[in-house]
Amino acid sequence: MSFFGAGTASTAPAAPAEKDIEVPEPPTDSISSLAFSPAADYLAVGSWDNNVRLYEVGAGGQTQGKAMFGHQGPVLSVCWNKEGNKVISGGADNAARMFDITNGQSQQVAQHDAPVKVVKWIETPQGGILATGSWDKTVKVSILHTGICARQLPLPPFNFLSACYSMDVQYPLMVVATAERNIQIFNLTNPNTAYKTITSPLKWQTRVVSCFTNSASSGFAVGSVEGRVAIQYVEEKDSSNNFSFKCHRKDQTPNAKDQSLVYAVNDISFHPVHGTFSTCGSDGTIHFWDKDARTRLKTFEAAPGPISATTFNRNGTIFAYAVSYDWSKGHSGMTPGHPNKLMLHACKDDEVKRRPKK
């Protein structure tokens, strides 16, 4: 482990309320994943530079780099445990690692046969477990004892027919999106078999799935590479509320109104209090949405590059996002001078609160 800033970690001055704050000392390569601690305003940031960085965010938006730990390959996903004292990360080195912020130690806690695309902490009535989804077509679950060692649960790994692209959990719901547009839905109170298996309602490759928060009915959002999002409920009785909509598209020429330039939806983040959600895309835009009123709440000014990852803090007052190359155009798209920024936005109530249904 190393602390960045060499003991003199720079602190960003608080910006005017209307202006989003750029975090100093960002990663040196594309940002892949963001996660706020559930216990305090600490932000974990995973990057293609093989490192996870931890930042403390102050009340005025000022930030300070606190710690950093590494993988042997690009970091693809980060999450926290419930207590907010451990950060878990998954990487292209086929490993998941856990960093203890109380003693600065990191250790490997899971091994796969291919890159670990997503890590999720699941808080169950029996305690916390770690789920790791990989391109090796498995999701493994581990129980971590006192942070010292990890042992596999009696449950076998979840095996799939294709690689895990995205996964999210709102206990007891776990949703796993794999290649070939397959989506597996699990009820973790009976995890031995999938509760339901569906084909994505979207016609193109799944980029992200994200479970509803603060919702009377269980469900999730799906984002695809074709600038479209689907709202999907788990139970058949709620299926009349399923719908999809276009987003992250541009006109070929000004005033053409043809929306023919189509961009990937890179991330979907649900607000922890209000249940509204954000989408971000390769077009450099971010939108806030209300799924119940089926309306857009806010559109951010377009950034100078793709938005690769987003997250809300624990009470939904801060929204973090990364302006970073998302590899949507392959290696050739990684041009010199491409922006790589970590930004913080102070959320206003009218941006994130639900609207009355029409």
Side-chain angles (χ1 to χ4, degrees), residues 1-4 9 23 32-46 51-59 63-71 75-91 95-110 116 118-133 139-155 167-174 188-189 191 210-214 269-273 309-320 344:
M1 183 207 73
S2 63
F3 286 83
F4 51 106
V23 176
S32 59
S33 182
L34 303 173
F36 269 107
S37 163
D41 287 332
Y42 280 80
L43 178 63
V45 181
N51 290 306
V52 178
R53 290 167 172 80
L54 306 182
Y55 300 86
E56 182 179 11
V57 181
T63 59
Q64 188 173 11
K66 302 299 287 185
M68 181 166 66
F69 67 98
H71 278 252
V75 177
L76 303 179
S77 181
V78 292
C79 71
W80 294 78
N81 70 339
K82 180 188 175 183
E83 292 76 22
N85 57 14
K86 294 180 178 65
V87 179
I88 300 96
S89 53
R97 300 193 65 83
M98 183 174 68
F99 178 82
D100 190 326
I101 66 171
T102 62
N103 61 21
Q105 299 297 309
S106 84
Q107 60 174 318
Q108 184 171 329
V109 290
V116 178
V118 59
V119 292
K120 290 292 178 183
W121 185 264
I122 306 170
E123 199 63 32
T124 76
Q126 292 74 41
I129 57 175
L130 172 66
T132 56
V139 170
K140 293 182 178 179
V141 285
S142 306
I143 185 164
L144 307 180
H145 284 294
T146 66
I148 302 302
C149 63
R151 70 171 175 84
Q152 206 66 31
L153 278 172
L155 296 171
M167 175 173 67
D168 199 20
V169 179
Q170 281 285 328
Y171 188 84
L173 174 66
M174 181 173 80
L188 293 175
T189 62
S210 185
C211 295
F212 299 167
T213 58
N214 196 16
S269 298
F270 276 87
H271 192 279
V273 177
T310 59
T311 191
F312 287 99
N313 70 336
R314 68 195 188 284
N315 54 15
T317 57
I318 304 171
F319 177 72
L344 301 175

Quiz item: Does the side chain of N103 pick up a donor-acceptor pair with the side chain of Q105 at under 3.5 Å?
Solution: no

Quiz item: Given side chains that start at C-beta, do those of T213 and P272 come closer than 4.5 Å, heavy atoms only?
Solution: no

Quiz item: Under a 4.5 Å cut-off applied to non-hydrogen side-chain atoms, are P38 and W121 in contact?
Solution: no

Self-check item: Y55 side, atom OH; L34 side, atom CG - distance, nearest 0.5 Å
Solution: 10.0 Å

Quiz item: Run the side chain to side chain contact (heavy atoms under 4.5 Å, CB included) check on N313 and V57 step by step: do they pass?
Solution: CA-CA 10 Å; N313 70 336; V57 181; over 6 Å; no

Practice problem: Output the distance between atom CE (M98) and atom SG (C79), rounded to the nearest 0.5 Å. | Solution: 10.5 Å

Exercise. Find out whether D41 and R314 are in side-chain contact, i.e. whether some heavy atom of one side chain is under 4.5 Å from a heavy atom of the other.
Key: yes

Quiz item: Taking all atoms of both residues into account, what is the closest heavy-atom pair of W80 and A44, and its distance?
Solution: NE1-CB, 3.6 Å

Exercise. May I ask you to decide if A320's main-chain N or O and T311's side chain share a donor-acceptor pair within less than 3.5 Å?
Key: no

Quiz prompt | Steps toward side chain to side chain contact (heavy atoms under 4.5 Å, CB included) verdict (L76, V116) | solution = CA-CA 7 Å; L76 303 179; V116 178; over 6 Å; no

Practice problem: Over all heavy atoms of both residues, which pair between S89 and V52 is shortest? Give the atoms and the distance, please. | Solution: CB-CG2, 3.7 Å

Quiz item: Quick one: CE on M174 to CG on D168, what's the gap to the nearest 0.5 Å?
Solution: 10.5 Å

Quiz item: Does any non-hydrogen side-chain atom of I101 lie less than 4.5 Å from one of Y42?
Solution: no

Exercise. Would you sort out whether L54 and F99 count as a side chain to side chain contact (heavy atoms under 4.5 Å, CB included), showing the intermediate values?
Key: CA-CA 10 Å; L54 306 182; F99 178 82; 3.7 Å; yes

Quiz item: So, for G84 and A39, which heavy atoms are closest and what is the spacing to 0.1 Å?
Solution: CA-CB, 4.2 Å

Quiz item: Roughly how far, to the nearest 0.5 Å, is the CE atom of M68 from the OG atom of S106?
Solution: 11.5 Å

Quiz item: When you measure from the side chain of S32 to the backbone N and O of V75, does any donor-acceptor pair fall under 3.5 Å?
Solution: yes

Quiz item: From L43 CG over to I318 CD1, what is the distance, rounded to the nearest 0.5 angstrom?
Solution: 9.0 Å

Exercise. Go through the steps for F36 and F312 under the test ring pair (Phe, Tyr, Trp, His ring centres under 6.0 Å), then give the verdict.
Key: CA-CA 7 Å; F36 269 107; F312 287 99; 9.3 Å; no

Exercise. Kindly say whether T310 contributes a backbone atom to a donor-acceptor pair with the side chain of S269 at under 3.5 angstrom?
Key: yes

Quiz item: Sub-3.5 Å donor-acceptor pair from the side chain of S33 to the main-chain atoms of V78, do we have one?
Solution: yes

Practice problem: Specify the closest pair of heavy atoms between I88 and V119, including all atoms of both residues, with the distance to one decimal. | Solution: O-CG2, 3.6 Å

Quiz prompt | Any L188 side-chain heavy atom under 4.5 Å of V169 side chain | solution = yes

Quiz item: So how far is it from E123 CD to I129 CD1, rounded to the nearest 0.5 Å?
Solution: 9.5 Å

